[in-house]
Amino acid sequence: MTPGVIWVSSRISHLPKPRDDIPALTPEKFCDWYENTHIQEVTALPGVPRAARYEAIRLNGKRKTLSDEAPWLTIYEMPDIDYRMTEEFCGLDGQRAPRDDLLKGIFEQARFDTRFYEHLDAGSSASAFNAAKFIISLGSDDIAGADFKGIRRVRRFMVAAGTTLEHFKRRDALGEGQVRRELALIEFEDEADVENLREFIQERNHDEIGCYKLKQVY
């Protein structure tokens, strides 16, 4: 077994030419579906027992972060990331074509960046599920060992697969070189400590960074 996580960054992405017969997707409708239907369907599967839903923190700074563009992040815990290849998992909406109203109302108006990561510290306390109040998602591993005030824990991962689903058209983001090979989830208990890393975030021009606060645990 290979323990790890599913990392899903999501955002609304309207069609270039809106359709008169389909209402525009709003953040309220998107979050209602994602948080009250979709996550429950995923975590009802035996191979994805837990999840944490995060929402973007807006930091003052010149650099745009991933969380500025995609305001929601969900981390799903997986005892074995190979479960992604099972018939059960592949039967989820989004992995297969959903019913027509869901396809048009949600999936054709949204973008999902989905990545499967293997724990680099599997077997240690860092791999245990215990959702932090605030996290920084860093698409690089060079923060390992850094001593920043307020850090509760750093979890490190190696990517196994990554796709982008936008307007219900999927592409291989990992194969296209759009995914950093390693990920660090840096956990905090106080938003002020995240603010203290503003300069660090601004300097990481080559990295993919998002800053989030906990919204709900499943």
Side-chain angles (χ1 to χ4, degrees), residues 1-13 30 34 38-39 42 47-48 50-57 59 63-86 89-90 92-96 107 110-122 126-127 129 131-132 135-146 153-187 197 200-212:
M1 295 178 65
T2 306
V5 299
I6 317 171
W7 178 103
V8 183
S9 169
S10 57
R11 69 187 82 177
I12 292 173
S13 178
F30 180 72
Y34 201 107
H38 183 66
I39 293 179
V42 178
V48 194
R50 296 173 297 275
R53 175 80 161 164
Y54 291 89
E55 193 166 50
I57 297 173
L59 297 181
R63 182 198 167 175
K64 267 196 169 294
T65 63
L66 171 65
S67 47
D68 290 329
E69 300 173 353
W72 302 289
L73 178 68
T74 307
I75 304 294
Y76 299 91
E77 303 291 324
M78 298 183 77
D80 185 0
I81 60 171
D82 289 338
Y83 182 75
R84 73 187 188 276
M85 294 179 282
T86 65
F89 187 84
C90 292
L92 289 167
D93 288 330
Q95 299 299 313
R96 66 174 182 181
F107 283 97
R111 170 174 166 170
F112 305 88
D113 291 283
T114 302
R115 301 166 192 173
F116 297 88
Y117 287 101
E118 173 186 347
H119 278 292
L120 290 178
D121 23 38
S127 64
F129 178 74
I135 65 169
I136 291 176
S137 174
L138 172 63
S140 173
D141 68 339
D142 58 0
I143 195 173
R153 180 173 64 166
V154 178
R155 305 170 73 197
R156 296 175 60 244
F157 306 86
M158 178 71 71
V159 69
T163 65
T164 294
L165 183 68
E166 187 168 17
H167 306 152
F168 207 68
K169 295 180 180 179
R170 191 181 302 277
R171 65 179 191 268
D172 180 6
L174 180 59
E176 294 173 357
Q178 301 300 311
V179 179
R180 302 294 190 274
R181 291 284 175 177
E182 297 192 25
L183 170 74
L185 293 178
I186 308 156
E187 303 181 353
L197 288 179
F200 166 80
I201 291 168
Q202 299 305 317
E203 291 174 351
R204 287 296 194 275
N205 294 323
H206 60 290
D207 290 332
E208 179 186 71
I209 295 180
C211 305
Y212 306 89

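One-based numbering along the sequence shown.
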Can you tell me how far [atom2] of [Y] sits from [atom1] of [X], rounded to the nearest 0.5 angstrom?
X	Y	atom1	atom2	result
D113	L66	CG	CG	7.5 Å
M1	D80	CE	CG	5.0 Å
E166	S13	CD	OG	3.5 Å
D68	I57	CG	CD1	11.0 Å

**Message:** Between E118 and T2, do the side chains contain a donor N or O and an acceptor N or O under 3.5 Å apart?
**Reply:**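 Note: T2 and E118 side chains miss the donor-acceptor criterion.
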Check: Will you find, in the side chains of W72 and S9, an N or O donor that is under 3.5 Å from an N or O acceptor?
Finding: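 Short answer, no.
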Which pair of heavy atoms, one from [X] and one from [Y], lies closest together, and at what distance?
X	Y	result
A132	I135	CB-CG2, 4.0 Å
I209	L138	CG1-CD1, 3.4 Å
G4	I81	CA-CG2, 3.6 Å
A51	Y76	CB-CD2, 3.5 Å
G94	L165	O-CD2, 3.8 Å
R180	G139	CG-O, 2.9 Å

Practice item. Output yes when E187 and R156 qualify as a salt bridge under the 4.0 Å nitrogen-oxygen rule, no when they do not. Key: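 A salt bridge is absent here (no side-chain N lies under 4.0 Å from a carboxylate O).
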Before accepting this row, confirm whether a basic side-chain N of the pair R115/E182 lies closer than 4.0 Å to the acidic partner's carboxylate O.
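Salt bridge between R115 and E182, a charged N being under 4.0 Å from a carboxylate O: no.
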Discussion item. Once you measure the plane-to-plane angle for Y54 and Y212, does it fall in the parallel (<30°), tilted (30-60°) or perpendicular (>60°) bin?
Written reply: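 The arrangement is perpendicular - the two ring planes meet at more than 60°.
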Any donor-acceptor pair under 3.5 Å linking the side chain of [X] with the backbone of [Y]?
X	Y	result
S137	G210	no
H167	F107	no
R111	F168	no

Side chains of [X] and [Y], heavy atoms from C-beta outward: is any pair under 4.5 Å?
X	Y	value
V42	L92	yes
I6	T114	yes
S67	C211	yes
I75	Y117	no
V154	L185	no

Test side-chain contact (heavy atoms from CB on, under 4.5 Å) on L183 and V159 and set out the steps. CA-CA 7 Å; L183 170 74; V159 69; over 6 Å; no
Quiz prompt | Set of residues satisfying ring-ring contact (aromatic ring centres under 6.0 Å, His included) with respect to Y83, sequence neighbours excluded | solution =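 Partners of Y83 under the ring-ring contact (aromatic ring centres under 6.0 Å, His included) test: none.
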(Q) Please evaluate residues I39 and R53 with respect to the criterion side-chain contact (heavy atoms from CB on, under 4.5 Å), reporting the C-alpha separation (whole Å), side-chain torsions for both, the decisive distance (0.1 Å), and the verdict. (A) CA-CA 9 Å; I39 293 179; R53 175 80 161 164; 4.0 Å; yes
Checking R84 against F116: charged group under 6.0 Å from the ring centre and within 45 degrees of the axis?
->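 Ring-cation test returns yes.
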Under 6.0 Å from the CZ atom of R181, do we count more than 12 heavy atoms belonging to anything else shown?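 Counting neighbours around CZ of R181, 12 or fewer heavy atoms of other residues, nucleotides or ligands fall under 6.0 Å, so no.
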*Taking only residues two or more places apart in sequence or in another chain, which ones pass side chain to side chain donor-acceptor pair (under 3.5 Å) with R171?*
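Counting only residues at least two positions away or on another chain, R171 forms a side chain to side chain donor-acceptor pair (under 3.5 Å) with E176.
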